[in-house]
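Heads up: the structure comes next, in structure tokens.
No experiment lies behind these values; they were computed from the predicted model shown.
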Amino acid sequence: VFGLSSVAQVVLGRGDFGQHLSINLAFGIGVTLGIHAAGGISGAHLNAAITITHCILGNLPWRKLPAYLIGQFLGSFTAAATVFGLYYDALYDYTKGNFTVTGPTATASIFSTYPAPYVSLLGGFLTEFTATIMLLLGILIIHDEKNNGALKGTQALLTGILVLGIGLGMGMNTGYAINPSRDLPPRVFTAIAGWGMDVFTAGHYWWWVPVTAPILGSLAGVLIHKLFIDFHNQPVLESGNEKGQPAVETS
């Protein structure tokens, strides 16, 4: 809701009510609050790519995957419907009732990501793949208690800042979906709500890239973290001293 509504405000406000930065900030805030809301209940699985990765690694039973994916789908689909209702009058005024995916008054990008006109399918795939690698690396580093993990209670905020950073640096080409659950359900909603099947054919059938590239990027991020960081971590000693360093009392 935070993320999509910020895009709606920028697009429908014609730049008078926010810019690219405000979109990035809103998605970061949304992620932070989502982790606080669901972290203690389910581990805050907000991203299907990360959930599937946990299943592949054996950290989550496969039998739980459908429940997580359904929850993510319904949450994102409902968010799109909420923003659509919230800004329906502005949408109608902006488009004169003609909801389009491309063109001067295109509004489908409020809800899902589409590649920039200059981006090839391969370039867009690489962008989503790389951005999701950075997402997974960041999340694993934030929660890596054997290394230099974040202070307890700050993980949600730092993950939101991580998403903000990805948007600031890698959002131009594709809108940084980095999450099948963030992109596909709103796309299905727009197909139902008046934009039609163009939402699946636009951008050389772009829709499958934000579904597959984040999954592969997530797995690659885990592999990179395992090879270059986790294998080199030293175990935490039972006494509580990390990496075998002598204890130092501080006041």
Show your working on side-chain contact (heavy atoms from CB on, under 4.5 Å) between H225 and D144 and close with a plain yes or no.
-> CA-CA 10 Å; H225 179 266; D144 190 352; 3.5 Å; yes
Short question: side chain of N173, backbone of G123 - any donor-acceptor pair under 3.5 Å?
-> no
Say whether I23 and L86 are linked into one hydrophobic cluster, either directly or through other cluster members, by side-chain heavy-atom distances under 4.5 angstrom.
-> yes
Take the angle between the ring planes of F84 and Y88 and call it parallel below 30°, perpendicular above 60°, tilted in between.
-> perpendicular
CG on L168 to CD1 on I161, rounded to 0.5 Å | 11.0 Å
Given I141, L137, L135, the one that forms side chain to side chain contact (heavy atoms under 4.5 Å, CB included) with L162 = L135
I would like to know whether T159 and I142 meet side-chain contact (heavy atoms from CB on, under 4.5 Å); could you show each step before the answer?
-> CA-CA 8 Å; T159 305; I142 289 169; 4.0 Å; yes
Please check if the side chain of E128 supplies one atom and the backbone of G124 the other of a donor-acceptor pair under 3.5 Å.
-> no
Shortest non-hydrogen pair, T53 vs I215, comes out as OG1-O, 4.3 Å
Side chain to side chain, L60 and T51, heavy atoms closer than 4.5 Å = yes
Is T32 reaching over with its side chain to a backbone N or O of G28, donor-acceptor style, under 3.5 angstrom?
-> yes
Would you say the side-chain atoms of S181 pair up with the backbone N or O of A48, donor to acceptor, closer than 3.5 Å?
-> yes
Do R187 and T113 touch side chain to side chain, with heavy atoms closer than 4.5 Å?
-> yes
Check whether V188 and L46 end up in the same hydrophobic cluster, where Ile, Leu, Val, Met, Phe, Trp and Tyr are linked by side-chain heavy atoms less than 4.5 Å apart.
-> yes
Which pair of heavy atoms, one from G15 and one from Q19, lies closest together, and at what distance?
-> O-NE2, 2.8 Å
K64: partners by salt bridge (Lys or Arg N to Asp or Glu O under 4.0 Å), with sequence neighbours left out = none
Taking the side chain as every heavy atom from C-beta outward, state whether F17 and L12 have any pair of such atoms under 4.5 Å apart.
-> no
W206, F200: one ILVMFWY side-chain cluster at the under-4.5 Å cut-off?
-> yes
Answer yes or no: are there more than 12 heavy-atom neighbours, outside L227 itself, under 6.0 Å from its atom CG?
-> yes
Trace of the side-chain contact (heavy atoms from CB on, under 4.5 Å) decision for F77 with I192 = CA-CA 11 Å; F77 186 92; I192 298 171; 4.3 Å; yes
Check the hydrophobic clustering (I, L, V, M, F, W, Y; side-chain heavy atoms under 4.5 Å; chains of links allowed) and say if W195 and L184 are grouped together.
-> yes
Search all heavy atoms of V199 against all heavy atoms of A108 and return the closest pair with its distance.
-> CG1-CB, 4.5 Å
Atom pair OG1/CD1 of T130 and I178 - distance to nearest 0.5 Å | 12.0 Å
Return yes when atom NE2 of H204 has more than 12 non-hydrogen atoms of other residues, nucleotides or ligands closer than 6.0 Å, and no otherwise.
-> no
Can you label the angle between the F125 ring and the W208 ring as parallel, tilted or perpendicular, going by 30° and 60°?
-> tilted
Shortest non-hydrogen contact between P186 and F111, atoms and distance | CB-O, 3.2 Å
Is the closest side-chain heavy-atom distance between L91 and I110 below 4.5 Å?
-> yes
Non-neighbouring partners of Q155 that pass side-chain hydrogen bond (donor to acceptor under 3.5 Å, both in side chains), sequence neighbours left out | none
Does the ring of Y94 carry R14 above it, NZ/CZ under 6.0 angstrom from centre and within 45° of its axis?
-> no
Mind checking whether T132 and M170 have side chains closer than 4.5 Å, heavy atoms only?
-> no
Roughly how far, to the nearest 0.5 Å, is CG of L126 from OG of S120?
-> 9.0 Å
Between V211 and I166, is there a shared hydrophobic cluster once you connect ILVMFWY residues whose side-chain heavy atoms come closer than 4.5 Å?
-> yes
Residues, nucleotides or ligands: over 12 heavy atoms within 6.0 Å of M134 CE | no
May I ask you to check whether over 12 heavy atoms, not counting those of Y118, lie within 6.0 Å of atom OH?
-> yes
Identify the heavy atoms of T107 and F99 that sit nearest to each other, and give their distance.
-> OG1-CA, 4.4 Å
Spatial distance of atom CG (L57) from atom CG (L219) [nearest 0.5 Å] = 7.0 Å
Measure up the H45 and Y68 rings against each other and bin them: parallel (under 30°), tilted (30 to 60°), perpendicular (over 60°).
-> tilted
First locate atom CG of L136, then atom CG of L223, and finally report the distance between them rounded to the nearest 0.5 Å.
-> 11.0 Å
Is any side-chain heavy atom of S109 less than 4.5 Å from a side-chain heavy atom of V7?
-> no
For P185 against P180, the heavy-atom pair lying closest together | CD-O, 3.5 Å
Taking side-chain hydrogen bond (donor to acceptor under 3.5 Å, both in side chains) as the test, write out the residues that go with S76, two or more places apart.
-> none
Quick one: CG on D183 to OG1 on T174, what's the gap to the nearest 0.5 Å?
-> 9.0 Å
